[in-house]
> 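Below is one structure. I have some questions about it.
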Amino acid sequence: MPETKVKKTEDFNEWYNEIVELADLCDKRYPIKGMNVWRPYGWKLMTHVDQLIREEMIRTDHQEVNFPLLIPESSFKKEEEHIEGFGSEVYWISHAGLNKLEERWLLRPTSETAMYPIFSIWIRSHADLPLKTFQIVNTFRYETKQTRAFIRVREIHFFEAHTCHVDFNDAEKQIQEDKDIAYRLFEKLSLPYILSKRPEWDKFAGAFYTISIDVLMPSFRTLQLGSIHQYKDNFSKPYEISFEGEDGKHNYCHQTTYGMSERILGALVGIHGDNKGLVMPPEVAPVQVVLIPIIFRGEEKVVLEACDDLNIKLSKEGIKSHIDKRDITPGNKFYDWELKGVPLRVEIGPKDIKNNQVVLVRRDTAEKQSISNDSAVNIIKEELNKLSKNLYETANRLLNENINRVNTIDEAKNLKGIVELPWCGIKDCALEIENILDGNTLGEPIEDNACNNSCPVCGKPGTTWMRYAKSY
RNA sequence: GGGCCCGUAGGGUAGCUUGGUAUCCUUGUAGCUUCGGGAGCUAUAGACUUGAGUUCAAAUCUCAGCGGGCCCA
């Protein structure tokens, strides 16, 4: 069995780079650092993920919008913390044609400052609320650190939901809905994750609080896939997003945002992939079942007809199937589709036709079975579900085995992945631990975070648990 | 922010120390035979990251840019 040159378990980072190239996801040869070309297959996977997000947005009554890429400097500068947080990583446009611009424009690093001046116009009365919008666009951040396909890039394929509410409580309900969206979405992607409330010094620039969605990669580093922010009225005041209530009084909106990015694809590649290539959960796979005709001279027609039959049956059941009719040998096709991560492969040859059966192969386990033609569709459906569950369980094992709650720094030092230590609430204690463990704070667990044990740095009673990990 | 390494056809490489004709595999194209795990034969196409310097002569030596990878903070 040919496999990647670099094994996933031996050198995850190298393996990841190799897979991204081999599977035709992106082309890193574009001559600007961190700006990669989406190749057809990579883009197809990304748009499938986007579509799952869209479905969640539609289900929860969000409206899709599309704001301009360019933001005037004056709009950007209205919220002070926000500028501080993003100022050092924005791209500026200072010239247009032959003219120097009177006011500079910037490429959105995120769209608060593009949207909120307009929200201020849109929202007049309580009847306009809640306003629930989202867009899927590219954003730009001038990363100075090492870039990595899908994981750290300078042009980011980005999902952002922005909502406005009558008060804090209604915004809090939105946060709950956001958590529910995460639950449903990541289950479809077979990606187990954890939610952490970011510490004060690490929250989104301008937010009241930030909840991060992190997954654990097989390199034992965490990857932040998304964030949910409660803004309170931090942005609505400078951007003057206010409404007239039933009582005739004017109030500022309370806002939330929800952001996710192409990192989801990075996680799908990194977490589910193996030394033969990608393994895509059926919900994302553009092709869920690939049919490989095994052609012998003189028997082309029967074999292709049998493929067509099954293909039609599968389509009727809403299963995305594809017949690979390319003029290359079957073995070649096997490797190709394995690399692309297609969940199930069906082989149909003259022998099978005689026996009224087909050969079914699972991508995740490589299990091969002959199944009767009549029950093929049902078995395929079942196997797709099993595969999806198996991916989730494997990933969940990785996460659960590598998230540990301990009381001392010495214990934490010996652990890979994510550790939870008691925290007294003092910033310097957390930073000290970051230093010693050579990791970052992820934040406090959202649930079950009560802690009475003493802080391993200062010895004062802990108030919560704090998570630390090496992260991307 | 600091340091180290690298850049040769579409992909992977040899050559660089000691300057002189660029190696092999894969891929692409055309044709015939093939097809249950990367088929065979024949023909053919394709490269020294950019700029400056040293030199009779630079893929090779020096410097800078751009790009990539790694380590430390």
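Proteins get letters first, then strands, A, B, ... in listed order; numbering begins at 1 in each. These figures come from a predicted structure and were not determined experimentally.
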> Could you check if a side-chain atom of A/Ile409 sits within less than 4.5 angstrom of a side-chain atom of A/Val457, using non-hydrogen atoms only?
yes

> Answer with base, sugar-phosphate or nothing: what part of the nucleic acid does A/Lys333 contact at a heavy-atom distance below 4.0 Å?
nothing

> To the nearest angstrom, how far is A/Asn355 atom CG from B/G36 atom P?
18 Å

> Starting the side chain at C-beta, find the nucleotide from B/G69, B/C35, B/G37 nearest to A/Tyr335.
B/G37

> What's the closest nucleotide to the A/Val359 side chain, out of B/G36, B/G37, B/G69?
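Among B/G36, B/G37, B/G69, the one nearest the side chain of A/Val359 is B/G36.
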
> Go through the N and O atoms of the side chain of A/Arg345 and the base of B/G37, and report whether any donor-acceptor pair is under 3.5 Å.
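Yes.
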
> Between A/Thr222 and A/Tyr472, do the side chains contain an N or O donor and an N or O acceptor separated by less than 3.5 Å?
no

> Under a 4.0 Å N-O cut-off, is there an ion pair linking A/Glu338 with A/Arg345?
yes

> Hey, what are the protein-to-nucleotides 39-41 of chain B N/O distances that come in under 3.5 Å?
residue: B/A39; atom: OP2; partner: A/Thr329; partner atom: OG1; Å: 2.5

> Where the side chain of A/Asn17 is defined as all heavy atoms beyond and including C-beta, which of B/G67, B/G69, B/G36 is the nearest nucleotide?
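Nearest nucleotide to the side chain: B/G69.
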
> Pick out which of A/Thr210, A/Thr257, A/Thr256 makes a side-chain hydrogen bond (donor to acceptor under 3.5 Å, both in side chains) with A/Tyr231.
A/Thr257

> A/Ile295 CD1 to B/U33 C1': how many Å, rounded?
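After rounding, the gap between these two atoms is 16 Å.
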
> Are A/Phe140 and A/Trp92 close enough that their ring centres sit under 6.0 Å apart?
no

> Nearest whole Å is fine: how far is B/U49 C1' from A/Lys33 NZ?
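Interatomic distance, NZ of A/Lys33 to C1' of B/U49: 16 Å.
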
> Determine the interatomic distance between P on B/C56 and the same-named atom on B/G65; round to the nearest Å.
28 Å

> Contact class for A/Pro350 vs. all strands (heavy atom < 4.0 Å): base, sugar-phosphate, or nothing?
base

> Check A/Arg297 with A/Glu300, please: is the shortest side-chain N to carboxylate O separation under 4.0 Å?
no

> Could you give the CD-to-P distance, from A/Glu347 to B/G37, as a whole number of Å?
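It is 8 Å, rounded to the nearest whole Å.
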
> If you assign A/Ala149 and A/Pro293 each to the RNA chain B nucleotide with the nearest heavy atom, which residue ends up on the more 5' nucleotide?
A/Pro293

> Do A/Lys470 and A/Phe220 meet the cation-pi criteria used here (NZ or CZ under 6.0 Å from the six-membered ring centre, within 45° of the axis)?
no

> What is the distance, to the nearest angstrom, from the CG atom on A/Asn440 to the P atom on B/C72?
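Checked: the CG to P distance equals 13 Å.
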
> Please state the C1' separation for the pair B/A22 and B/C5 - nearest whole angstrom.
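That atom pair is separated by 24 Å.
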
> Please report the distance, rounded to the nearest Å, between CD1 in A/Ile323 and P in B/C35.
21 Å

> Given the C1' atoms of B/U49 and B/G69, what is the spacing between them in whole Å?
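16 Å, rounded to whole Å.
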
> If a pair satisfies ring-ring contact (aromatic ring centres under 6.0 Å, His included) and one of its residues is in residues 336-365 of chain A, list it, with sequence neighbours excluded.
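Applying ring-ring contact (aromatic ring centres under 6.0 Å, His included) to every pair that reaches into residues 336-365 of chain A, excluding sequence neighbours, yields A/His322-A/Trp337.
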
> Is the closest basic N to carboxylate O distance between A/Glu367 and A/Arg362 below 4.0 Å?
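Salt bridge flag = no for A/Arg362 with A/Glu367.
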
> Output the single nucleotide from B/U34, B/A73, B/G36 whose closest atom is nearest the side chain of A/Asp438.
B/A73

> Starting at atom NZ of A/Lys28, determine the distance to atom C1' of B/G12, rounded to an integer number of angstrom.
15 Å

> Look at all strands and tell whether A/Thr147 reaches a base, only sugar-phosphate, or nothing, counting heavy atoms closer than 4.0 Å.
sugar-phosphate

> Using the P atom as the reference point in each nucleotide, state the distance between B/A9 and B/G15 in Å, no decimals.
16 Å

> If you measure from the C1' atom in B/A43 to the same atom in B/C6, how many Å do you get, rounded?
37 Å

> Below 6.0 angstrom between ring centroids: does that apply to A/Phe204 and A/Phe86?
yes

> Give me the distance, rounded to whole Å, that separates B/U23 from B/G46 when you measure between the P atoms they each carry.
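These two P atoms come out 14 Å apart once rounded.
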
> Shorter than 3.5 Å, N or O on both sides, protein versus nucleotides 3-11 of chain B: list them out with atom names.
residue: B/G10; atom: O3'; partner: A/Arg29; partner atom: NH1; Å: 2.5
residue: B/G11; atom: OP1; partner: A/Arg29; partner atom: NH1; Å: 2.8

> How far does the C1' atom of B/A58 sit from the matching atom of B/C63, given to the nearest Å?
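My reading of the C1' atoms in B/A58 and B/C63 gives 15 Å.
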
> Of the nucleotides B/G36, B/U33, B/G37, which has the atom closest to the A/Arg297 side chain?
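So the nucleotide nearest the side chain must be B/U33.
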
> When the P atoms of B/U62 and B/G10 are considered, how many whole Å apart are they?
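Looking at atom P only, B/U62 and B/G10 are 27 Å apart.
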
> At 4.0 Å (heavy atoms only), tell me whether A/Gly34 reaches a base, stays on the sugar-phosphate, or touches nothing.
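Sugar-phosphate, backbone atoms only, no base.
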
> Say you draw a straight line from CH2 of A/Trp43 to CG of A/Asp50; how long is it, rounded to the nearest 0.5 Å?
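If I round to the nearest 0.5 Å, the distance is 6.5 Å.
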
> Can you measure A/Leu22 atom CG to B/U26 atom P for me and round it to whole angstrom units?
17 Å

